Asker: 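Mind having a look at this structure? Questions to follow.
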Amino acid sequence: MSQDERTIKTPADYAAWILLLTAEAGCGIASERWILTAPLLALTILHFFLCDRIRLRLGLIGYLLLALPFAFLSNSWEVEAESGIGFNTPYYISLYLFTFCLARTLSLAGRQRYPVMVMCGGAGMAVAALDIYSRPQYLALVTIFAVALLVVLRGSLQQSPPKKRGGLLVVGALVAAIISTLAVTAGTVYIIQENYYRMNRYFMTMLRMAPLQQAGGFSGTSKLGDIADLRNGGALDAIALRAFSATEPGYLRGKVSVHYENGEWGARSSGLEIVPDRGEDKKRKTGIYTFPGRNKPEEFEEPELSVYPGGEYGAHFFLPLQTAAVDTSCRQVILMPGDTLTSKYTPTSRGYGVYLQRGEVREFQPNSQEKIDPFDNEIYLQIPTDFPLRASFWLLREKIHGAQAARNKIAPEHAVAAIADWFANNYTYKIGISFAPDQDPLLQFITEKNHGHCELFASAGVLLLRQEGIPARYVTGFFCGERGLYGDQWLARKKHAHAWVEYYTEKHGWRTAEFTPPGGLPEHGQSSGLAAFQDYVAGLWIKAVGFIRREGIGGLLQYLSLLGTWLLETWTRRIMLLAGLGLFFYYRLRRHGRGGKDLFKPREFPDAIELRRKEFFLLCRELARHGLEKRGSETLLEYAARVGASELPEKNEAARFIRDFAALRYAEF
């Protein structure tokens, strides 16, 4: 909009601002987050008085950048409505539309601003209906909105000078339109109230179309070869998960299995659905789940470890054996045997915090009824019923421990060391082994082969320990031991997928055992150069987003303060920051020196033109009363021609004044 047109304020202008203010008030009432809505209300009011003094030109990139704060807020400060049908995202979209509208009206001419304000205001009123449709305030807001909308529509239409006998007809049409609008609104509210729960159920079903898909090797049944396929497939260097910790995370468990049969490991339990604790008032953005018998985190205790799995592993939590509790944004998790977790609907790729156990891990609780201790360990001592397999393992036991030693009880630590030495001395690591389809692959491994992959060594180790009366279980996950080039970031790539063993002792509880020969353990190098820097930047971004999601708006402010502290921590960063600011201000000064204009400074005109402009605005206001308001896309000469062709008695003098003003305005300045 040119400055010549902005000072003309018609009833439609006032109605458009009332319309926008009404929609903002509705969103404020619905969300009860006035700390976010109040600044927009204030900005809208101030914008009405300052719009003739501000020029703003934003392109597509500018409007996209304007959306970034609202995208951050939607992920960091959740707004929950009583409706429970996804109020958070529509609410922040409405706030963006209000801001977009205010910015857009500064660059639109004439009545072109009305469609934008109507669209944004209508979207805000629709979102407000999600939560306050049953309140009296909503009907009051709709009434105000309807009246303002009719005034805007009336002001947007082409109109001729009013006739003496048309006054009552116009008033009657306005009254009928208002009554019709209220009737439609009341009917819509009634339909929503009567069918609310059905609509809510359909909406939630649509959002939760299916549970998350579990990755091979970590699903309900783990086949021997699933992990080897991960380590032997494509994109071996692709990052499977990132972890942030002061010390090496090491073994991160994704799945624990207890029952083996014919090349497959199973859990023999579908798990127990758990809702993490979000506090008594349910206001926490994340929930904490504490494993049974473990240490509960203190109120302000920080997690020792943060993990961010890749998207394809979004159904799984990868946790150390010593995990005491998990801080997660997942609303519903499933507790599986072995104290492992899976997510039902929300991807774990958003990140989660891990609190570590102080002391030994002594208890295992697959659900609220079952519990294992050294006197009730049948499920961890089960050996397959297949006779050839059982007999082969008894023979292997004698080879490992000796005929005499095999007849006596062996201490768990000695048994683990003897089994590990046997495999290291008699087997080599190899991927891509072929087995006869009609035989158990584990039987072929211990009777025919002298090589194997980690799943075979771990499976054989579990059964050998069980033969000694030592409770043991089969575990799959990742070994996270590759340190990032900078900071406390640790990486696990696809090639670091692994299988290992956990065994139970009366003295130390559950412990980890590694039976894969040294040549087959996941290799951890350290990337360098550009690849390392890219991993570092990607990790910082993931960590920042996760931190903000976990801590909300306070987390955003805290992270910004941490970023500021980091920038000022060393003289090198301070100098780089000052240099960047200096270059920015130098560019701005050079731009103004080349004739650039301040976006917020009103344009100045010579005194002669300024006097004519004021007279022109007064004339426009008078002509608007007779239905001759200047159109936004109309030039001054076109406006003069339309005024000259009207039925106004003083049309010739008015048209001549407009033509003279156009010649003075554009010829001399």
Side-chain angles (χ1 to χ4, degrees), residues 212 214-215 217-219 222 227 240-258 267 269 271-274 276-277 286-297 301-310 313-330 332-344 346-367 458 473-481 490-492 496-502 504 509-514 522 546 550:
L212 295 172
Q214 299 186 14
F218 315 113
S219 57
S222 299
I227 299 299
L241 58 88
R242 302 174 188 270
F244 296 87
S245 173
T247 58
E248 179 184 288
Y251 293 96
L252 297 181
R253 313 152 74 245
K255 173 71 184 304
V256 170
S257 303
V258 298
S269 173
L272 179 69
E273 293 189 4
I274 301 292
D277 181 17
T286 60
I288 295 180
Y289 174 69
T290 304
F291 289 105
R294 309 288 175 86
N295 301 320
K296 186 175 182 180
E301 185 178 355
E302 292 294 327
E304 291 93 333
L305 172 68
S306 298
V307 183
Y308 299 86
Y313 307 107
H316 305 280
F317 289 83
F318 294 94
L319 306 170
L321 175 60
Q322 297 293 124
T323 300
V326 177
D327 185 3
T328 173
S329 60
C330 300
Q332 192 173 18
V333 298
I334 301 176
L335 175 63
M336 301 295 293
D339 286 343
T340 59
L341 295 176
T342 60
S343 176
K344 195 168 185 180
T346 309
T348 59
S349 52
R350 298 181 178 180
Y352 50 89
V354 180
Y355 300 89
L356 300 181
Q357 170 76 359
R358 294 184 291 272
E360 292 85 4
V361 180
R362 289 194 167 274
E363 297 194 19
F364 166 74
Q365 200 159 345
N367 57 47
R473 57 197 186 192
Y474 175 82
V475 187
T476 56
F478 288 93
F479 190 88
C480 188
W490 301 83
L491 305 175
H496 298 147
H498 194 46
W500 62 92
V501 177
E502 291 176 353
Y504 192 85
W510 286 103
R511 307 190 75 178
T512 299
E514 182 60 76
R550 183 169 65 249

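In this chain, residues are counted from 1 in sequence order. Being a predicted model, the structure only gives us computed values, none of them experimental.
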Asker: In sequence, state the C-alpha distance, the side-chain angles, and the governing distance for T323 and F291, and then conclude on side-chain contact (heavy atoms from CB on, under 4.5 Å).
Answerer: CA-CA 8 Å; T323 300; F291 289 105; 3.5 Å; yes
Asker: Test side-chain contact (heavy atoms from CB on, under 4.5 Å) on L341 and L335 and set out the steps.
Answerer: CA-CA 5 Å; L341 295 176; L335 175 63; 3.9 Å; yes
Asker: Verify, without hydrogens or angle tests, whether Q357 (side chain) and N295 (backbone) share a donor-acceptor contact under 3.5 angstrom.
Answerer: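 The answer is yes, because a donor-acceptor pair under 3.5 Å joins these two groups.
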Asker: If I take atom CD1 from residue I288 and atom CG from residue D277, how far apart are they, to the nearest 0.5 angstrom?
Answerer: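 So the CD1 of I288 and the CG of D277 are separated by 7.5 Å.
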Asker: If you look at every heavy atom in A499 and E514, which pair is closest and at what distance?
Answerer: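 That would be O-OE2, 4.3 Å.
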Asker: If you take the centroid of each ring, where Trp contributes its six-membered ring, are F479 and H498 closer together than 6.0 Å?
Answerer: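 No - the distance between ring centres of H498 and F479 does not fall below the 6.0 Å cut-off.
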Asker: Between atom CZ of F318 and atom CG of L241, what is the distance when rounded to the nearest 0.5 Å?
Answerer: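 Reported value, rounded in 0.5 Å steps: 6.5 Å.
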Asker: For F478 and F218, I'd like to know if the aromatic rings sit close, meaning centre-to-centre distance below 6.0 Å.
Answerer: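 So the answer is yes for these two rings.
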Asker: Treating T348 as the side-chain partner and H316 as the backbone partner, does any N or O pair qualify as donor plus acceptor under 3.5 Å?
Answerer: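 Indeed, once roles are kept as given, a pair shorter than 3.5 Å links the two residues.
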Asker: Shortest non-hydrogen contact from Y308 to S349?
Answerer: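 Nearest pair, atom of Y308 first, then S349: CD2-O, 4.2 Å.
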Asker: To the nearest 0.5 Å, what is the distance between CD1 on I227 and NZ on K255?
Answerer: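 The NZ atom of K255 is 10.0 Å from CD1 of I227, to the nearest 0.5 Å.
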Asker: Does S343 reach the main-chain N or O of A315 with its side chain, forming a donor-acceptor pair under 3.5 Å?
Answerer: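 No, the answer is negative, given that no donor and acceptor are paired below the 3.5 Å cut-off.
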Asker: Keeping Y355 on the side-chain end and E301 on the backbone end, is there a donor-acceptor pair under 3.5 Å?
Answerer: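 Yes, because the side chain of Y355 sits within donor-acceptor range (under 3.5 Å) of the backbone of E301.
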Asker: Taking T512's backbone N and O only, do any of them form a donor-acceptor pair with W500's side chain (distance below 3.5 Å, no angle check)?
Answerer: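 No; judged by distance alone, with no hydrogens or angles, the pair does not exist.
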Asker: Please say which of R473, R294, R253 ends up in a salt bridge (charged side-chain N to carboxylate O under 4.0 Å, His left out) with D339.
Answerer: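 Between D339 and the candidates, salt bridge (charged side-chain N to carboxylate O under 4.0 Å, His left out) is satisfied uniquely by R294.
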Asker: Between SG of C480 and CZ of R242, what distance do you get to the nearest 0.5 Å?
Answerer: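 That separation rounds to 10.5 Å.
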Asker: Give the C-alpha distance, both sets of side-chain angles, the deciding distance and a yes or no for side-chain contact (heavy atoms from CB on, under 4.5 Å) between F317 and T340.
Answerer: CA-CA 7 Å; F317 289 83; T340 59; over 6 Å; no
Asker: Please find the pair of heavy atoms, one from V256 and one from P337, that lie closest to each other, and give the distance.
Answerer: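 The answer is CB-O, 3.5 Å.
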Asker: Considering the options V354, L319, V307, L305, which one meets the side chain to side chain contact (heavy atoms under 4.5 Å, CB included) requirement together with P249?
Answerer: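 With P249 as partner, side chain to side chain contact (heavy atoms under 4.5 Å, CB included) holds for just one option, L305.
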